[in-house]
Participant: 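Before I ask anything, here is the structure I am working with.
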Number of protein chains: 2
Amino acid sequence: MRHSRHFLFLSLKKGLIVIATLVFQCCLLPAGNKPNIILIFADDAGFADFGFQGSKYFKTPHIDVLASQSVIATQAYVSASVCGPSRAGLLTGINQARFGFYGNNTSSSANATRHLELEDLGLPLDQNTIADYLKDLGYVTAIIGKWHMGNADRFHPLQRGFDYFYGMREGARSYWAYDKPEEEPYKRLERNFKQFREHGGYLTDRFADEAVNFIEGHSDSPFFLYLSFNAVHTPMDAREEDINVFPELTGKRSILAAMTLAMDRAVGRVLAALGEANLANNTIVVFTNDNGGPTHSNASSNYPLRGVKGTELEGGIRVPFLVRWPNRLPKGVKYEMPVSTLDLLPTFIKAGGGNLDELPQLDGVDLIPYLTGEKVTRPHQTLYWVYSYQRAAIRDGDWKLLRLMDRPAELYNIAEDTSESKNLADRYPEKVRELYKKLFTWETQNQEPLFNTGMQWRSHSMELYDTYK
Amino acid sequence: MRHSRHFLFLSLKKGLIVIATLVFQCCLLPAGNKPNIILIFADDAGFADFGFQGSKYFKTPHIDVLASQSVIATQAYVSASVCGPSRAGLLTGINQARFGFYGNNTSSSANATRHLELEDLGLPLDQNTIADYLKDLGYVTAIIGKWHMGNADRFHPLQRGFDYFYGMREGARSYWAYDKPEEEPYKRLERNFKQFREHGGYLTDRFADEAVNFIEGHSDSPFFLYLSFNAVHTPMDAREEDINVFPELTGKRSILAAMTLAMDRAVGRVLAALGEANLANNTIVVFTNDNGGPTHSNASSNYPLRGVKGTELEGGIRVPFLVRWPNRLPKGVKYEMPVSTLDLLPTFIKAGGGNLDELPQLDGVDLIPYLTGEKVTRPHQTLYWVYSYQRAAIRDGDWKLLRLMDRPAELYNIAEDTSESKNLADRYPEKVRELYKKLFTWETQNQEPLFNTGMQWRSHSMELYDTYK
């Protein structure tokens with residue numbers, strides 16, 4: 001068993017455990033003891049729409065169990081309020097604005113950007129991904145689900161460090177098989193490279209099948225599984241029997257609950273497979289989500305946060321975030337400092353025995369010493385968000401400034417006002433000025449946009465600031 | 001003489017003159033009576049650096065005489081605070097943001113824009129210029145001087161409505177001949193298409209020679225002469241004898257005075273040629289400048305305005321502005337309402353007998369009825385500026401809001417505070433909100449950028465807001 005060495009340490013006297021753990025962390029990680037890593041990434045889920053997040057209506061029993069075995073980060077952020085740039089940040093550990101990825105890589109952006117076609121949009125090829133690094137560290141790497149980092153062959157997951165791919169290149173698709181898949185070239189289900197074949201049944205279940213198969217087939221080698229659900233992104237497709245579980249809900253809300261239930265069932269199957277393979281103790285399992293819930297499109301709830309996907313309000317950028325690693329982390333505890341999905345790359349690379357000093361300058365940090373309590377300072381004094389090369393936000397300590405295009409900047413104290421209900425800009429003008437400068441100084445170090453978000457989306461997303469007050 | 005019909009009307013009884021003038025304006029402009037049009041465009045001149053603008057140090061006797069014969073617009077704006085977009089607006093009558101021209105078309109912008117080379121940057125080919133329209137109206141059209149609307153052949157003045165070109169494609173060059181002109185392919189002096197030949201002597205004088213020749217050669221046909229000085233843009237090249245006229249000045253300031261004196265001498269020669277050809281009365285002569293003075297580079301003065309080229313403060317966008325048309329306009333009077341260089345295209349087209357209703361939607365208006373006093377309302381309730389797709393300003397009535405990237409928005413009342421010394425944003429928060437909305441609504445109707453201004457310029461130009469307080 002790959003985690004035996006660590007358990008051996010635990011059998012020693014208590015005084016020795018700390019020393020042994022430190023030694024283990026620093027120097028002595030043998031290849032055979034590399035933890036497996038499973039990153040479960042939900043799509044467009046509401047902050048509140050899980051049992052462990054307090055939902056009274058949605059049923060997520062398996063993810064709730066995972067939460068009870070995990071460190072729960074209560075202030076976890078993605079690096080953008082929409083799918084594309086958020087995933088670009090996650091996969092690189094670098095705030096994507098630093099390489100010019102400011103908006104969604106969609107046909108709308110391609111249309112809005114001169115000289116570019118949709119095929120030109122994707123995660124720049126000069127950026128390395130988590131999978132690139134982990135593969136170099138001896139991991140078998142797989143992505144199952146949504147890619148959304150470029151449709152063209154050159155952006156394909158198998159070109160970006162993944163050994164295995166089952167999913168779709170695009171950012172969303174039907175949960176049912178397409179009758180005419182050839183009409184949706186980049187939404188088709190693909191196995192590895194260009195083995196296109198639609199599935200039977202419901203897609204979230206099929207992704208679970210694939211993930212379970214992958215785990216069962218790789219119990220002997222360290223693996224990185226990026227389980228990238230399109231759930232619970234639109235279209236609002238759900239199994240009838242899942243909808244029937246929620247007779248008290250109606251309309252989109254009942255369908256969303258059913259889509260979430262299916263995702264929970266899939267997570268349960270993955271965790272069961274992990275347990276059955278005896279890999280649970282030395283596997284890092286992260287569960288999180290790519291951006292805030294788009295209440296306007298899928299009826300998700302971000303309560304008590306204000307705002308939705310597409311805004312830099314907390315409801316757009318703060319996400320559920322669980323990290324389970326039985327061998328190293330406490331369970332069922334909350335971590336209350338701000339963390340970021342940008343932290344996942346360095347956390348995984350460090351856990352996999354990599355040397356972070358050899359990587360390009362990252363914006364994330366290795367979270368493990370924070371989650372264990374070894375480090376008590378904030379992982380991030382400052383976090384930044386920028387959308388479409390115009391709108392931006394900064395969180396510095398507990399102060400957050402939103403620099404908007406159609407109204408004055410807003411200032412909130414997130415520690416005292418999680419719901420961003422009290423704009424303090426008039427009361428603390430010096431703080432506003434200070435954060436404006438800090439934000440702009442950061443922005444001027446970033447790259448020009450690879451492509452732009454269209455005017456209609458800029459306009460629409462500002463309306464969301466008013467709709468979800 | 002081409003203006004004889006108008007003088008005939010003037011010889012009638014006073015009561016008839018109004019009717020006759022209106023008829024003349026609407027319907028009866030015979031081809032032979034079309035006014036000539038001379039647009040004299042200075043480059044990077046300071047708002048204060050002319051005798052008629054109050055300078056105690058600079059000597060501009062010929063332009064001062066022109067001012068005494070002109071309507072002087074005291075609140076004239078360009079549509080951008082830097083050369084490229086300002087000229088794109090001037091030449092099209094359309095705020096250049098509406099077709100995506102947000103920053104200077106320089107190698108710096110090309111470097112900052114992915115997929116583009118400097119050769120790709122220029123005035124979009126689907127936009128018509130003043131020269132296109134006037135040529136259709138029977139005018140002989142000429143540009144003498146700086147083009148700066150694209151280096152590539154497809155952007156060449158002869159492709160954009162001009163019959164004749166003598167000058168350089170680039171935005172600036174030495175005032176002296178290049179020893180190795182082949183090293184400066186787009187700065188070389190060019191006659192018409194690719195007849196490259198460096199000049200002798202001082203460039204501003206040579207442009208005057210060419211303009212005088214053009215006027216002398218075209219006294220029989222209506223002409224449009226766009227005399228586009230690179231003076232007084234850097235490099236700081238001046239004739240020794242011109243510098244010696246200003247013994248009380250030192251350093252760059254003395255050179256700038258000499259460069260301005262040379263430009264004034266050139267203007268004097270052009271106006272003299274016009275008079276000698278007996279064309280003065282029915283020629284519209286406009287003198288203005290492409291943006292505020294860049295005090296930081298050429299020591300120009302924008303007193304009493306705050307700010308410089310590259311900022312949306314008044315010092316960056318308000319320019320000297322003279323319109324002389326003896327047959328139609330009063331002389332030596334001031335026009336105090338805000339006008340724009342965007343107005344020149346419709347003013348010229350209308351004067352040349354064109355039908356503005358047949359043109360695409362313009363942002364400028366025919367100024368003549370305003371300058372005559374026939375119309376007493378404001379030509380523009382609202383004017384907009386946007387730089388690099390981020391920073392922007394709006395003037396609505398006498399209120400002006402600057403939306404900046406590194407500090408809170410600033411609000412000024414321009415009628416009461418021309419120098420923008422009292423930021424009223426805290427005092428009138430509702431006005432700030434109103435103008436923010438109006439500005440953003442306008443922006444969302446514009447086009448995506450053709451190219452971007454590099455981060456370093458964005459950063460640099462924000463510093464100018466602090467340097468020139």
Side-chain angles (χ1 to χ4, degrees), chain A residues 97 99-100 102-103 109-117 120 124 386 388-392 401 403-411 425-426 429-463 466, chain B residues 97 99-100 102-103 109-117 120 124 386 388-392 401 403-411 423 425-426 429-430 432-463 466:
Chain A
F99 50 83
Y102 290 88
S109 293
N111 292 339
T113 308
R114 294 164 199 272
H115 316 288
L116 293 186
E117 304 292 331
D120 297 314
V386 56
S388 77
Y389 204 43
Q390 293 184 329
R391 217 171 63 207
L401 183 84
R403 192 193 66 204
L404 306 167
M405 304 309 287
D406 72 343
R407 67 196 69 185
E410 297 177 5
L411 179 73
D426 290 343
E430 286 312 308
K431 180 56 71 176
V432 169
R433 297 190 80 82
E434 175 198 331
L435 295 183
Y436 249 110
K437 281 285 180 199
K438 197 162 184 174
L439 176 55
F440 186 67
T441 300
W442 174 76
E443 283 179 292
T444 57
Q445 297 160 6
N446 295 335
Q447 289 299 306
E448 310 298 327
L450 295 161
F451 46 84
N452 298 309
T453 299
M455 279 292 186
Q456 73 195 81
W457 284 102
R458 288 194 181 88
S459 179
H460 170 66
S461 62
M462 281 315 307
E463 288 167 16
D466 292 323
Chain B
F99 49 83
Y102 291 88
S109 293
N111 292 339
T113 308
R114 293 163 200 272
H115 316 287
L116 294 185
E117 304 292 330
D120 297 314
V386 56
S388 77
Y389 205 43
Q390 294 185 326
R391 217 171 62 204
L401 183 84
R403 192 193 65 205
L404 306 167
M405 304 309 287
D406 72 343
R407 68 198 68 187
E410 297 178 4
L411 178 74
N423 178 6
D426 290 342
E430 287 312 308
V432 169
R433 297 189 81 81
E434 174 198 331
L435 295 182
Y436 249 109
K437 281 286 180 197
K438 197 163 186 174
L439 176 55
F440 186 66
T441 300
W442 174 77
E443 284 179 293
T444 57
Q445 296 160 5
N446 295 334
Q447 290 298 307
E448 309 298 327
L450 296 161
F451 47 84
N452 298 309
T453 300
M455 280 292 187
Q456 73 194 82
W457 284 101
R458 288 194 181 89
S459 179
H460 171 65
S461 62
M462 280 316 307
E463 288 168 15
D466 292 323

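Model, not experiment: these values are computed from the prediction. Sequence lines set the chain letters: A, B, ... in the order given, protein chains first and strands last, and positions in each chain run from 1.
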Participant: Which of the residues Gln445(B), Gln447(B), Gln456(B) is involved in the greatest number of heavy-atom pairs with chain A at under 4.5 angstrom?
Facilitator: Gln447(B)
Participant: Would you name the heavy atoms of Phe451(B) and Gly103(B) that are closest together and state the gap between them?
Facilitator: CE1-O, 3.3 Å
Participant: I'd like to know if the side chain of Asp406(B) reaches the main chain of Tyr436(A), judged simply by a donor and an acceptor atom lying under 3.5 Å from each other, with no hydrogens or angles considered.
Facilitator: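 Not at all, since once roles are kept as given, no pair shorter than 3.5 Å links the two residues.
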Participant: Report which part of Thr441(B) has an atom under 4.5 Å of a heavy atom belonging to chain A: side chain, backbone, both, or neither.
Facilitator: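 For Thr441(B), no heavy atom lies under 4.5 Å from chain A.
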Participant: Is Tyr389(A) in contact with chain B via its backbone, its side chain, both, or neither, using a 4.5 Å heavy-atom distance?
Facilitator: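 Contact with chain B: backbone and side chain both.
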Participant: Under a 4.5 Å heavy-atom cutoff, which of Gln390(B), Arg391(B), Met405(B) has the most pairs with chain A?
Facilitator: Met405(B)
Participant: Closest approach of Trp442(B) and Ala97(B), non-hydrogen atoms and distance?
Facilitator: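 That would be CH2-CB, 3.9 Å.
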Participant: If I measure from the heavy atoms of chain B, does Pro449(A) come under 4.5 Å with its side chain, its backbone, both, or neither?
Facilitator: both
Participant: Distance-only, no hydrogens or angles: does the Ser461(B) side chain make a donor-acceptor pair with backbone N or O of Trp457(B) under 3.5 Å?
Facilitator: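 Yes; judged by distance alone, with no hydrogens or angles, the pair exists.
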Participant: Chain B: which of Pro408(A), Gly454(A), Ala409(A) shares the most heavy-atom pairs with it under 4.5 Å?
Facilitator: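 Counting heavy-atom pairs under 4.5 Å, the top option is Pro408(A).
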Participant: Below 4.5 Å, heavy-atom pairs only: which of Val432(A), Leu116(A), Leu404(A), Leu450(A) has the largest tally toward chain B?
Facilitator: Leu450(A)
Participant: Any pair with a residue in residues 451-461 of chain B that passes salt bridge (Lys or Arg N to Asp or Glu O under 4.0 Å), sequence neighbours left out, goes on the list, sorted by first then second residue, please.
Facilitator: Glu448(A)-Arg458(B)
Participant: Answer with side chain, backbone, both or neither: which region of Arg407(B) has an atom nearer than 4.5 Å to a non-hydrogen atom of chain A?
Facilitator: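 Both parts, backbone and side chain.
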Participant: May I ask you to say whether Glu434(A) pairs ionically with Lys431(A), meaning some side-chain N is under 4.0 Å from a carboxylate O?
Facilitator: yes
